[in-house]
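The structure appears below as structure tokens.
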Protein chains: 2
Amino acid sequence: MSKNIPEKVSNRLTLYHSIMVEYIEAGIETISSPQIAQRLGIDDSQVRKDFKLLNNAGKCRVGYMVKELKDSIEKTLGFSKTKDAFIVGSGHLGLALAKYDSFNSYGLNILALFDNDPQKIDIQVNNKQIFHISKLPNLVQRLGVEIAILTVPRQAAQQVADFLIESNIKYIWNFTPAVLKVPPTVKVWNENLMGSFLQFACKDIE
Amino acid sequence: MSKNIPEKVSNRLTLYHSIMVEYIEAGIETISSPQIAQRLGIDDSQVRKDFKLLNNAGKCRVGYMVKELKDSIEKTLGFSKTKDAFIVGSGHLGLALAKYDSFNSYGLNILALFDNDPQKIDIQVNNKQIFHISKLPNLVQRLGVEIAILTVPRQAAQQVADFLIESNIKYIWNFTPAVLKVPPTVKVWNENLMGSFLQFACKDIE
DNA sequence: ATTAAATCGTGATTTTTTTCTTGATTTAGT
DNA sequence: ACTAAATCAAGAAAAAAATCACGATTTAAT
């Protein structure tokens with residue numbers, strides 16, 4: 001783990017992982033690189049190169065063991081390392097993410113949500129409580145949480161981010177369209193929903 | 001438009017766009033490549049190369065006109081081209097996306113939602129109606145919709161995708177973790193939430 | 001007017017990523 | 001056993017992306 005896997009590779013690995021899950025459900029034990037490549041529309045040597053990173057040898061004329069591949073991907077991407085996180089902003093998106101149980105299988109554990117709207121406080125969402133944002137610094141410290149998932153409105157994003165940083169949050173997964181200003185000690189991942197989609201949609205929709 | 005802008009560039013362009021919006025709100029009229037580069041942690045020549053694609057000349061010692069840049073980005077990424085879409089799957093994520101008004105400013109227009117749960121039918125979400133999935137083929141044809149946003153559970157994903165394809169949907173924005181099998185005439189964009197995040201989160205969280 | 005600093009534009013360089021190629025290996029069929 | 005087809009492995013080549021470097025230009029300061 002932490003071999004500093006490039007983003008593109010990590011992306012492909014999760015796609016491979018989904019295919020492995022599907023194959024296991026279907027009771028298929030081996031899979032070949034051309035099979036995977038065709039499914040994803042990429043080159044089969046690309047797939048083999050990626051698997052090389054996992055130190056997972058295949059067998060000529062047969063392919064790779066599905067179960068082993070799945071395990072290596074999980075190990076490499078750290079699915080089993082639990083990563084605690086808070087969702088900050090309990091609007092539609094925040095609530096949807098709180099209810100999105102798939103996060104758990106990737107090791108992302110949502111502990112609680114926050115909002116500044118008094119109406120939302122103390123509501124339970126998928127067994128997670130919504131707290132007033134003022135409670136955040138204390139909970140960050142007590143629970144040692146380093147990751148915040150930011151789902152507040154764009155206008156509030158920077159201000160809330162500043163507050164998170166003050167509260168000692170180290171990683172911000174930014175679902176807002178704002179480009180946050182942060183010190184170098186804090187890492188931001190911009191989840192740029194539209195960016196990639198526009199590319200996809202505009203390539204040939206004229 | 002459709003200069004076949006690489007995904008990475010398109011991603012950066014949306015980030016630049018957000019910064020432009022911020023600058024306009026702040027009443028700042030010019031912006032320089034080092035300013036932007038520092039904000040995003042990238043090289044300033046990279047920013048200039050990207051702007052080169054927009055045919056938007058800067059001025060030495062001054063920078064670029066914020067308003068012009070914003071307009072060029074919008075034109076290049078096709079914000080003004082309305083792209084109609086259906087949301088298929090009215091669970092938490094589908095509903096959250098239906099309520100996510102930012103889509104509109106990028107030209108993505110959600111016309112309606114679909115589900116197979118009779119309890120959800122006819123509910124209005126952000127002025128969009130939820131229809132039974134059986135109504136989809138007809139509406140695709142009548143409204144000429146080509147894009148579907150797939151937010152059903154993983155187990156149902158392939159089956160629903162097959163139905164969409166039969167119904168003549170051409171672009172699937174796939175929010176499920178399933179890797180869909182589609183014919184070459186249909187394009188899938190996998191919104192791989194966890195893929196990129198894992199990379200971000202695991203790089204130094206050990 | 002002169003100088004210094006900031007910035008653009010762009011060609012060259014480097015790095016990264018992808019694709020191509022070839023040889024070795026394994027399996028299945030004859 | 002022999003042959004043919006599928007597949008992996010790994011190095012070479014090509015393509016794409018990012019960074020570097022430097023001359024030209026503009027502005028501000030002296």
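Below, read A as the first sequence line, B as the second, and so on, with proteins coming before strands; counting in each chain starts at 1.
- Considering only side-chain atoms of Cys60(B), the nucleotide from dA24(C), dA17(D), dT25(D) that sits closest is dT25(D).
- Between Lys135(B) and Gln129(B), the closest side-chain pair of non-hydrogen atoms is not below 4.5 Å.
- Lys8(A) has its NZ atom 13 Å from the C1' atom of dT19(C), to the nearest Å.
- The base of dC8(D) has none of its N or O atoms less than 3.5 Å from a complementary donor or acceptor on the side chain of Ser33(A).
- Of the candidates dA9(D), dG9(C), dT26(D), the closest approach to any side-chain atom of Tyr64(B) belongs to dG9(C).
- In this structure, Ser32(A) reaches the sugar-phosphate backbone alone: every heavy-atom distance under 4.0 Å involves primed, P, OP1 or OP2 atoms, never a base.
- Listed nucleotides: dC8(C), dC8(D), dA18(D). Nearest to the side chain of Pro34(A): dC8(D).
- Judged purely by distance below 3.5 Å, without hydrogens or angles, the side chains of Asn56(B) and Tyr64(B) never pair a donor atom with an acceptor atom.
- Between the CZ atom of Arg61(A) and the C1' atom of dC8(D) there is a distance of 12 Å, given to the nearest Å.
- Within the structure, a side-chain polar atom (N or O) of Arg12(A) is placed less than 4.0 Å from OP1 or OP2 of dT18(C).
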Scan the side chains in residues 87-112 of chain B for donor-acceptor partners under 3.5 Å anywhere in the protein, sequence neighbours excluded, and list what turns up.
unit_1    : atom_1 : unit_2    : atom_2 : d
Ser90(B)  : OG     : Phe114(B) : O      : 2.9
Asp101(B) : OD1    : Asn126(B) : ND2    : 3.0
Ser105(B) : OG     : Ser102(B) : O      : 2.7
Asn109(B) : ND2    : Asp84(B)  : OD1    : 3.1

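- Here dT17(C) presents its P atom at 14 Å from CD of Glu7(B), a figure rounded to the nearest Å.
- Using a 4.0 Å heavy-atom criterion, one finds that Lys49(A) contacts the bases of the nucleic acid, with or without backbone contacts as well.
- Counting to the nearest Å, the P atom of dA16(D) and the CD atom of Gln46(A) are 14 Å from each other.
- Distance CG (Leu53(B)) to P (dA17(D)): 11 Å, rounded to an integer number of Å.
- Side chain of Ser33(B) to main chain of Val47(B): no donor-acceptor pair is present (N/O by atom type, distance under 3.5 Å, no hydrogens or angles).
- Rounded to whole Å, atom P of dC8(D) lies 17 Å from atom CG of Asn55(A).
- To the nearest 0.5 Å, atoms CD (Glu68(A)) and CG (Leu54(A)) are separated by 11.5 Å.
- When rounded to the nearest whole Å, the span between NZ of Lys52(B) and C1' of dC8(C) equals 11 Å.
- Note on Arg48(B): every side-chain N or O is 4.0 Å or more away from OP1 and OP2 of dG9(C).
- Position along DNA chain C of the nearest nucleotide to Ile42(A) versus Gly63(B) favours Gly63(B) as the more 5'-ward residue.
- Residue Asp43(A) contributes atom CG, which lies 5 Å from atom P of dT19(C) at whole-angstrom precision.
- With the nearest nucleotide of DNA chain D identified for both Val62(A) and Ser45(A), Val62(A) has the one nearer the 5' end.
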